[in-house]
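Input: a single structure, listed below in structure tokens.
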Amino acid sequence: MSEKNKSSAARPAPASNFIRNIIDADLAAGKYAARGWGGKPGPAKVHAQAPQDAARIRTRFPPEPNGYLHIGHAKSICLNFGLAQSYGGACHMRFDDTNPEKEEQEYVDSIIHAVQWLGFDWRENIFFASDYFDFMYEAAVHLIHTGHAYVDEQTPEQMRANRGTLTEPGVASPWRERPAAESLARFGEMREGKHADGSMVLRAKIDMASPNINLRDPAIYRIRKARHHRTGDKWCVYPMYAYAHPIEDALERITHSICTLEFEDQRPFYDWLLGKLAEGGLLAQPLPQQVEFARLNLTFVVLSKRRLIQLVNEKHVAGWDDPRMPTLAGARRRGYTPQGFRLFAERIGVSKADSWIDYSVLEDCMREHLNESAERRIAVLDPVKLIIDNYPADQQEDCFAPNHPQKPDLGKRVVPLTRELWIEREDFAETPPKGFFRLFPGNSVRLRYGYVVKCTGCEKDSAGRVTAVHCEYIAGTKSGTAGADSVKVKGNIHWVSARHAHAAPVRLYDRLFKTAHPGAGGQDYLLDLNPDSAKTITAQLEAALKEAKPEERFQFERHGYFVADLRDSAPGAPVFNRAVTLRDSWKA
Ligand code: ATP
Ligand code: MG
């Protein structure tokens with residue numbers, strides 16, 4: 001990295017993209033300098049909650065509280081909050097809770113935690129779509145009054161059949177031309193609970209012949225006799241998403257309503273609806289504009305709430321925050337970091353073109369941040385004894401291990417060296433394969449931060465399995481002393497003193513799915529679950545790790561990045577999760 005890049009790394013200038021270009025043009029045109037903006041009150045009918053601060057632009061993150069947030073949402077969060085931050089604007093946290101059946105407080109809470117964990121702050125701007133139900137109802141009444149909506153009493157099957165196809169226009173409902181007064185009466189009855197679910201809907205009256213099916217009189221209100229997590233039993237009619245969302249944006253005076261590409265065909269309705277309500281004086285100019293970007297598609301995971309719910313409900317994972325889950329709650333337990341996610345969002349950028357991002361890109365971002373931020377520790381994951389036969393049994397001496405090789409200010413810690421150590425089983429070979437530079441009889445290696453030792457042999461059990469390795473140390477070769485380089489060796493291995501080591505469970509997590517595109521080709525995506533995605537071992541850790549606090553992250557030298565589990569660690573008894581290995585082991 002050049003010096004120049006280094007100095008700008010703390011606050012990189014945001015890369016330009018098509019959304020920033022739109023915002024730049026809008027600001028240059030003075031679009032939001034209009035009346036009602038920046039502290040001046042808007043028209044009387046505008047919802048009382050309309051924010052009145054001086055934000056230059058306003059974005060929002062509008063999850064439906066029907067599941068936990070996942071890595072795809074992180075892209076949207078970083079984008080919306082990031083834009084607001086860089087333009088001196090505001091980003092609203094809005095719960096799009098218009099669907100009473102699937103929504104729960106548990107999800108609201110988890111979403112709040114996840115966005116805060118990513119490091120974003122909505123300040124006072126937290127909203128619930130359900131707070132606008134009164135306004136939405138009034139707006140619907142207004143549309144009926146002005147001839148732009150009607151109550152349709154066709155059955156759902158008839159409605160579907162009459163909608164037409166991509167090549168054929170729709171057929172008008174027999175109720176389409178009914179007088180406004182009649183629709184008003186029916187709509188009132190719908191609200192009062194006089195009609196059954198599905199027996200009638202309120203539809204916008206636009207164009208049954210439109211080539212855009214979303215404009216063929218879309219349903220805007222439906223009957224659902226269901227209890228809502230916030231409004232309780234107050235309503236038995238609920239607005240459809242396509243109707244509610246633009247209104248939420250307009251009432252909150254959002255400037256740029258950023259959503260994923262599948263909503264592109266909804267944009268004409270978005271504009272139609274807000275235009276009609278603004279004409280009637282119910283909403284103020286300037287109206288929000290919808291801007292679509294390509295959603296994140298990530299290999300080796302599933303990012304659909306329906307599938308994530310299935311993984312949880314059918315117990316393929318231990319819960320929403322299972323460290324293998326692509327949820328933000330899972331990623332957090334896994335040891336991923338908010339900074340890693342922000343780096344990822346920046347690196348993948350935003351575009352209009354759908355594409356796949358390889359999971360390794362996310363892992364690289366996590367490695368990059370963890371490499372910089374995590375202190376080093378020593379852990380032996382697959383321990384076998386190493387006995388230094390010429391080292392006195394009662395002797396002990398201090399070796400000094402740097403806490404971070406690039407950050408000398410973080411200091412060093414003492415690791416005691418004794419006669420019996422734990423080393424990795426794979427660091428010894430009785431008959432070494434070609435190019436093996438670690439322990440084998442006759443060969444010398446450096447015990448990292450300690451002495452050079454020469455391997456003399458091993459002990460085996462009746463099954464031929466190595467139970468201990470023997471060696472002798474070479475006096476005067478200790479790291480950091482004048483004689484350290486007197487003996488040249490090619491191998492350098494880590495170790496912990498057996499007497500001082502702390503045995504602890506370590507979970508070696510791997511990717512949840514074994515294929516890049518789970519469920520590709522129409523097969524059941526569950527068949528692609530990786531059977532080896534969670535393995536728990538008992539590792540021998542250096543003593544300092546015994547006091548690791550929940551969520552403290554470390555690099556275990558030569559292994560990867562690990563975190564003390566948020567839930568399962570107890571004081572003095574941490575449980576570690578592997579976040580990511582040092583190198584990509586999935587590369588073809
Ligand atoms: P569903 O609507 O099926 O319940 P969803 O994933 O769209 O699921 P929402 O709660 O509606 O969930 O999403 C909130 C916001 O996150 C939306 O603005 C949506 O566009 C965005 N979002 C969801 N998934 C992704 C993704 N994979 N990449 C980028 N943004 C996403
Ligand atoms: Mg959605």
Side-chain angles (χ1 to χ4, degrees), residues 17 19 58-84 91-104 106-115 118 120 122 126-130 229 239-242 244-246 248-249 252 254 256-267 270 288-312 320 325-329 331 341-342 344-359 361-362 517-518:
N17 59 48
I19 300 182
R58 236 171 243 288
T59 55
R60 83 284 173 267
F61 174 63
E64 186 181 350
N66 61 353
Y68 278 57
L69 296 184
H70 56 59
I71 301 170
H73 294 119
K75 173 177 180 178
S76 173
I77 294 166
C78 292
L79 175 63
N80 281 295
F81 280 93
L83 286 169
C91 181
H92 292 191
M93 178 73 224
R94 183 201 307 147
F95 290 96
D96 215 328
D97 57 351
T98 52
N99 185 356
E101 280 130 329
K102 293 186 192 154
E103 294 159 1
E104 287 174 28
E106 177 196 347
Y107 296 137
V108 171
D109 296 340
S110 75
I111 290 168
I112 286 181
H113 285 138
V115 179
L118 280 178
F120 296 108
W122 49 83
I126 180 166
F127 301 96
F128 287 83
S130 52
H229 78 122
M240 303 298 285
Y241 180 86
H245 202 84
E248 295 155 21
D249 286 341
E252 292 175 19
I254 298 303
H256 299 86
S257 175
I258 298 165
C259 61
T260 40
L261 281 178
E262 66 270 25
F263 292 101
E264 199 162 14
D265 291 346
Q266 288 285 358
R267 185 163 15 113
Y270 187 104
Q289 62 171 311
Q290 180 178 303
V291 180
E292 308 88 13
F293 72 102
R295 71 193 296 113
L296 171 66
N297 295 309
L298 193 62
T299 60
F300 290 97
V301 295
V302 293
L303 294 181
S304 124
K305 280 186 198 157
R306 197 172 41 78
R307 287 179 171 182
L308 296 178
I309 288 173
Q310 187 183 14
L311 289 172
V312 172
W320 282 103
M325 283 284 272
T327 54
L328 295 179
F341 276 112
R342 307 227 291 258
F344 176 66
E346 216 170 89
R347 198 159 284 174
I348 61 177
V350 286
S351 81
K352 278 265 187 199
D354 250 320
S355 66
W356 283 84
I357 302 291
D358 197 85
Y359 196 78
V361 177
L362 177 64
H517 302 278

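Numbering of ligands and ligand atoms starts at 1, following listing order.
Side chains of V350 and I258 form no contact here, defined as non-hydrogen atoms less than 4.5 Å apart.
The aromatic rings of W320 and Y68 lie parallel to each other, with less than 30° between the two planes, well short of the 60° mark.
With a 4.0 Å cut-off on non-hydrogen atoms, R295 touches ligand 1 through its backbone as well as its side chain. When heavy-atom distances to ligand 1 are checked against a 4.0 Å cut-off, N297 has no atom that comes that close, whether in backbone or side chain.
Looking at C259, A345, G72 and measuring to atom 26 (C) of ligand 1, the nearest heavy atom belongs to G72.
The line from CG of D249 to OH of Y270 is 3.5 Å long, rounded to the nearest 0.5 Å. To the nearest 0.5 Å, atom CD1 of residue I71 and atom CE of residue M325 are 10.5 Å apart.
Applying the 4.0 Å criterion to heavy atoms of S76 picks out, from ligand 1, the atoms 16 (O), 21 (C), 30 (N). If you number the atoms of ligand 1 from 1 as listed, the ones under 4.0 Å from a heavy atom of H70 come out as 6 (O), 24 (N). Interface of P62 with ligand 1, defined as ligand atoms under 4.0 Å from a residue heavy atom, comprises 14 (C), 18 (O). The ligand atoms of ligand 1 that sit less than 4.0 angstrom from a heavy atom of P63 are 10 (O), 14 (C). Taking a cut-off of under 4.0 Å to the non-hydrogen atoms of E64, the atoms of ligand 1 that pass are 9 (P), 10 (O).
Taking the ring centroids of F81 and F120, they lie under the 6.0 Å cut-off.
Looking at T260 next to ligand 1, an N or O pair under 3.5 Å apart turns up. Any N or O atom pair closer than 3.5 Å counts here, and L296 shares at least one such pair with ligand 1.
For the ligand labelled ligand 1, residue F61 lies inside the 4.0 Å heavy-atom shell.
Residues Q290 and R267 approach most closely at O-CD, 3.6 Å, considering heavy atoms. In terms of heavy-atom proximity, A242 sits nearest to Q266 at CB-OE1, 3.7 Å.
A salt bridge is absent between R60 and E252: the closest approach of a Lys/Arg side-chain nitrogen to an acidic carboxylate oxygen does not fall below 4.0 angstrom.
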